Amino acid sequence: MSQTRAIAVIGAGMCGLTCAHALAEAGLPVRVFEKSRGIGGRMATRRAEGLAFDHGAQFMTARGAPFAEWLDGAVARGEAADWTPRGLPAGQRRIVGVPKMTAPLRHLADGLEVSLNAGVAAVVPEDDGLRLALADGTRTGIFARVVCTAPAPQAARLLAADAALADALARVAIAPCWTLMVAFDTAPGLPDAAEEPGEGIAFLAQSGTRPGRPDAPAWVMHATPEWSAAHLELDPDAARERMLELLGTLAPLPRPAFAATHRWRHARTTAPLGRPCAASADGRMLAGGDWTLDARIEAAFDSGKALAQAVVGGI
Ligand SMILES: Cc1cc2nc3c(=O)[nH]c(=O)nc-3n(C[C@H](O)[C@H](O)[C@H](O)COP(=O)(O)OP(=O)(O)OC[C@H]3O[C@@H](n4cnc5c(N)ncnc54)[C@H](O)[C@@H]3O)c2cc1C
């Protein structure tokens, strides 16, 4: 058996970074593999034409004390701030990363070894540990544990070496979301923010109302899960036109100065796992993410903590 204590974490979203940060604090050697060119996962901000669009998660909310404390720290460090737009129900604190959604995650990533553009194709169990087969055809060295924080359907494929684990993950359901990012030269009569303001629209937010973003007439619109599922395979241009039609049902729209779409194939959990993490029979492969518990960033945070605890307790 290998004597390595090294841990691989797949995914640099809230869950993966929370887990990796806690493992590093516990003194374990940890390396994060992220397929994208940046950290954050579904906490994302796209910059275009001098504008900033938070096209994934809109805000963070805390129901439990651990995440509330973590958010307080991020606000105190200036990495996050309250967002208080007109149009959303009162009674809930909504916090956004400043100047972009990933800002508070940088704190977690500091000092970690994070490999970007490093997609994992499979986790390969061997006698002395686990190896990662990377999408570029190379293989990593040996790890004692692999923690996968990709969305459950993707994690099920990566962890197929344990059939029972893969089956459990495959039962998790995550709905898609088409997102429209649109800016105008002159502001149309759209709300600053709204939940379900019209047919097919789940959420609408004016980017300029968010702390630290350029003050411009720019909106992010999320289509409903139903609309997104029904139009999942549209090409981006067709999706943009259809989503502009949806937005146009709320107010007459001038010609957009900028419009683009993003398709989140796995956006919001609809059937969670029901516990904060899952593991293979031998305990060497673990999986987690928001989808274990809920459809929110706090669930990803809680899952990341639980994953780290499971690794530290089992190694
Ligand atoms: C449109 C939309 C709106 C949302 N709004 C809100 C909201 O307002 N409030 C809220 O609390 N939550 C919201 N959410 C949910 C929130 O974004 C998630 O709960 C949270 O970001 C999930 O974090 P995570 O780390 O579990 O997963 P992710 O953020 O998905 O991170 C997983 C990471 O794994 C990486 N990865 C995947 N496969 C591989 C691979 N094979 N190899 C290497 N890396 C891989 C991905 O690139 C990604 O970076 C929203 C989500 C979407 C899409």
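None of these values were measured; they are calculated from a predicted model. When a ligand or atom number is given, it counts from 1 through the structure's own listing order.
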Relative to ligand 1, is [X] under 4.0 angstrom through side chain, backbone, both or neither, heavy atoms considered?
X: A295; answer: backbone
X: S303; answer: neither
X: C177; answer: side chain
X: F33; answer: backbone
X: T61; answer: neither

Among side-chain atoms of [X] and [Y], is any donor-acceptor pair under 3.5 angstrom?
X: S115; Y: R31; result: yes
X: T292; Y: R275; result: no
X: T209; Y: W83; result: yes
X: D82; Y: T84; result: no
X: T179; Y: H55; result: no

Say whether [X] and [Y] are linked into one hydrophobic cluster, either directly or through other cluster members, by side-chain heavy-atom distances under 4.5 angstrom.
X: V182; Y: L246; result: yes
X: W70; Y: M101; result: yes
X: F143; Y: L165; result: yes

Pairing of R93 and D72 as salt bridge, 4.0 angstrom limit: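 Salt bridge present between R93 and D72.
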Identity and distance of the protein heavy atom lying nearest [atom]:
atom: atom 51 (C) of ligand 1; value: R268 CD, 3.5 Å
atom: atom 24 (P) of ligand 1; value: A300 CB, 3.8 Å
atom: atom 41 (N) of ligand 1; value: V120 O, 2.9 Å
atom: atom 30 (O) of ligand 1; value: R42 NE, 2.8 Å
atom: atom 3 (C) of ligand 1; value: G56 O, 3.3 Å
atom: atom 45 (C) of ligand 1; value: K35 CG, 3.7 Å
atom: atom 25 (O) of ligand 1; value: C15 N, 2.9 Å
atom: atom 46 (C) of ligand 1; value: E34 OE2, 3.5 Å

Going by the order shown, which atoms of ligand 1 are within less than 4.0 Å of some heavy atom of [X]?
X: I10; result: 40 (C), 42 (N), 43 (C), 44 (N)
X: A118; result: 43 (C)
X: Q154; result: 37 (C), 38 (N)
X: M14; result: 25 (O)
X: S36; result: 47 (O)
X: L158; result: 41 (N)

Kindly check if the number of other-residue, nucleotide or ligand heavy atoms within 6.0 Å of [atom1] ([X]) is above 12?
X: Q92; atom1: CD; answer: yes
X: E241; atom1: CD; answer: yes
X: R47; atom1: CZ; answer: yes

Does any N/O atom on [X] come nearer than 3.5 Å to any N/O atom on ligand 1?
X: H266; result: no
X: D290; result: yes
X: G16; result: no
X: G289; result: no
X: F59; result: yes
X: I297; result: yes
X: T149; result: no

Is a donor on one side and an acceptor on the other found under 3.5 Å between the side chain of [X] and the backbone of [Y]?
X: R145; Y: A8; value: no
X: R268; Y: A295; value: yes
X: T45; Y: D54; value: no

Within-shell test, H222 vs ligand 1, heavy atom, strictly < 4.0 Å: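 Judged by the 4.0 Å heavy-atom criterion, H222 does count as contacting ligand 1.
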G40 to ligand 1, any heavy atom closer than 4.0 Å: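 Under 4.0 Å: yes for G40.
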Aromatic ring proximity H266/W264, centre distance under 6.0 Å: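 No, too far apart.
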